[in-house]
Amino acid sequence: SEEMRETNRISSEGHARLMREVEAGMYEYELESLFRYHCGRFGSRHQAYTPIVGAGRNGATLHYTDNDAQIGSNDVILVDAGCERTLYASDITRCFPTSGPFTEEQAAIYTVVLKAQEAVLENLRPGIDWTDMHRLAERVIAAELLELGILRGPLETIIARRVMSVFFPHGLGHFLGLDVHDVGGLPKGVQRIDEASIRYLRCRRVLEAGMVVTVEPGVYFIDALLHDARNDPALAEHIDFDVVEG
């Protein structure tokens with residue numbers, strides 16, 4: 001609807017403003033405040049959810065909302081924020097470096113996520129099963145991490161053992177509408193899939209025209225998940241921890 005387009009336009013411009021104005025030494029809450037101010041200026045007095053602003057390692061904490069750390073000059077900042085307007089929600093996540101350009105390592109991981117998102121967007125249309133889109137994103141992430149040397153071994157074995165879920169531990173996305181995690185993704189009788197990461201998928205529907213979904217794959221380096229993977233031979237065999245920790 002036009003209402004949803006306008007809500008997302010305001011949020012998109014808010015994200016762009018943060019990218020322009022961030023400086024090393026600022027605090028995460030300053031970016032949160034700037035986003036809230038921008039949205040309010042354009043008539044969106046409410047947020048669809050508490051903004052997430054995670055600099056550096058904080059970006060690897062899912063649904064982080066402390067937003068109280070100081071931003072370093074070499075940090076990548078994850079901002080997950082969206083305003084609410086005329087009762088409709090928006091939900092946008094972006095990552096950007098404090099300094100302007102990405103380092104080579106930062107750009108490599110960013111590109112993995114971008115390729116996964118682009119692959120899903122290219123295939124997204126009515127009649128597509130959203131579960132298949134999650135698996136497509138997983139496959140792209142696994143292949144790209146294999147290319148970078150973070151993963152090792154046969155691609156099909158990596159996928160079968162769910163090794164990529166160590167780095168992509170959540171669902172691909174969800175319905176968006178009157179709520180940020182809108183209802184209807186798991187109708188009565190539809191069960192979650194009991195496998196790593198995909199068990200958190202909030203939608204298992206065949207998509208129809210007019211549905212709105214978020215497409216938000218991610219790659220994270222989460223200490224607890226890496227620790228567990230190191231102690232699981234089936235996973236550890238396919239992860240080069242020297243590359244991960246280098």
Side-chain angles (χ1 to χ4, degrees), residues 54 56-57 59-63 76 78 93-95 97 102-125 127-174 185-186 190-207 213-246:
R57 295 173 67 88
T61 299
L62 300 183
H63 298 149
V76 170
L78 180 147
T93 303
R94 288 293 179 268
C95 292
F102 286 108
T103 66
E104 184 176 349
E105 287 183 345
Q106 291 168 349
I109 300 304
Y110 183 93
T111 301
V112 172
V113 179
L114 180 61
K115 286 183 176 180
Q117 185 183 53
E118 289 176 339
V120 172
L121 292 175
E122 287 171 5
N123 286 276
L124 206 56
R125 60 185 181 275
I128 286 290
D129 191 319
W130 186 241
T131 305
D132 293 338
M133 292 298 94
H134 179 96
R135 294 200 184 279
L136 172 61
E138 288 182 330
R139 177 171 288 274
V140 173
I141 288 171
E144 293 297 320
L145 293 180
L146 187 60
E147 182 71 21
L148 291 175
I150 292 172
L151 299 183
R152 56 191 177 191
L155 177 61
E156 297 305 324
T157 304
I158 288 170
I159 292 172
R161 294 184 178 182
R162 313 289 301 154
V163 185
M164 63 283 171
S165 68
V166 175
F167 303 92
F168 176 31
H170 58 73
L172 174 63
H174 49 80
L186 294 167
V190 176
Q191 302 298 318
R192 293 182 183 268
I193 299 171
D194 190 19
E195 297 175 11
S197 82
I198 201 170
R199 65 169 55 97
Y200 300 113
L201 191 61
R202 297 177 186 269
C203 174
R204 290 202 58 209
R205 295 279 297 276
V206 173
L207 300 183
V213 291
T214 65
V215 181
E216 41 190 341
V219 170
Y220 307 80
F221 296 85
I222 300 172
D223 290 340
L225 296 184
L226 290 168
H227 175 269
D228 290 346
R230 188 187 289 274
N231 291 300
D232 184 335
L235 298 175
E237 177 184 348
H238 298 288
I239 299 173
D240 191 326
F241 288 96
D242 290 336
V243 175
V244 169
E245 295 167 359

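Between P217 and V113 the shortest heavy-atom distance is O-CG1, 3.4 Å. Across all their heavy atoms, F241 and L226 have their closest contact at CE2-O, 3.8 Å. The two residues V140 and A119 have their closest heavy-atom pair at CG2-CB, 3.9 Å. Between A137 and V120, the closest heavy-atom pair is CB-CG2, 4.1 Å. Across all their heavy atoms, A229 and I239 have their closest contact at CB-CD1, 3.9 Å.
The salt bridge (charged side-chain N to carboxylate O under 4.0 Å, His left out) search around E216 returns none, not counting sequence neighbours. The side-chain contact (heavy atoms from CB on, under 4.5 Å) check on R139 picks up L155, E156, I159, with sequence neighbours excluded. Under the side-chain contact (heavy atoms from CB on, under 4.5 Å) criterion, H227 pairs with N231, sequence neighbours left out. The side-chain hydrogen bond (donor to acceptor under 3.5 Å, both in side chains) search around R230 returns E245, not counting sequence neighbours. Remark: I193 pairs with T131, R135, E195, I198, R204 by the side-chain contact (heavy atoms from CB on, under 4.5 Å) rule, at least two apart or across chains. With sequence neighbours left out, R199 forms a salt bridge (charged side-chain N to carboxylate O under 4.0 Å, His left out) with D194. Applying the salt bridge (charged side-chain N to carboxylate O under 4.0 Å, His left out) test to D242 and every residue at least two apart in sequence or in another chain returns nothing. The side-chain hydrogen bond (donor to acceptor under 3.5 Å, both in side chains) search around T111 returns none, not counting sequence neighbours. Partners of D240 by salt bridge (charged side-chain N to carboxylate O under 4.0 Å, His left out), not counting sequence neighbours, listed by chain and number: R152. With sequence neighbours left out, the side-chain contact (heavy atoms from CB on, under 4.5 Å) criterion links R205 to F175, P187, C203, E208, M211.
Considering CD1 of I158 and CD1 of I141, their distance stands at 13.0 Å, rounded to 0.5 Å. The distance from the CG atom of L151 to the CZ atom of R161 is 12.5 Å, given to the nearest 0.5 Å. Here the straight-line distance linking atom CG of D232 with atom CG of L225 works out to 12.0 Å at 0.5 Å rounding.
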Pairs of donor and acceptor atoms involving the side chains of residues 164-171, under 3.5 Å and at least two apart or interchain, shall be tabulated with distances.
unit_1	atom_1	unit_2	atom_2	d
S165	OG	R162	O	2.5
H170	NE2	Y220	OH	2.9

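Counting only heavy atoms from C-beta outward, the side chains of D223 and R57 approach each other to under 4.5 Å.
Put simply, the side chain of H134 gets close to the backbone of L172: a donor and an acceptor are under 3.5 Å apart.
Applying the salt bridge (charged side-chain N to carboxylate O under 4.0 Å, His left out) test to residues at least two apart or on different chains, the pairs with a partner in residues 103-125 are K115-E144.
Atom CZ of R192 has more than 12 neighbouring heavy atoms from other residues, nucleotides or ligands inside a 6.0 Å radius.
When L114, V76, I150 are each tested for a side-chain contact (heavy atoms from CB on, under 4.5 Å) with I109, only one passes: I150.
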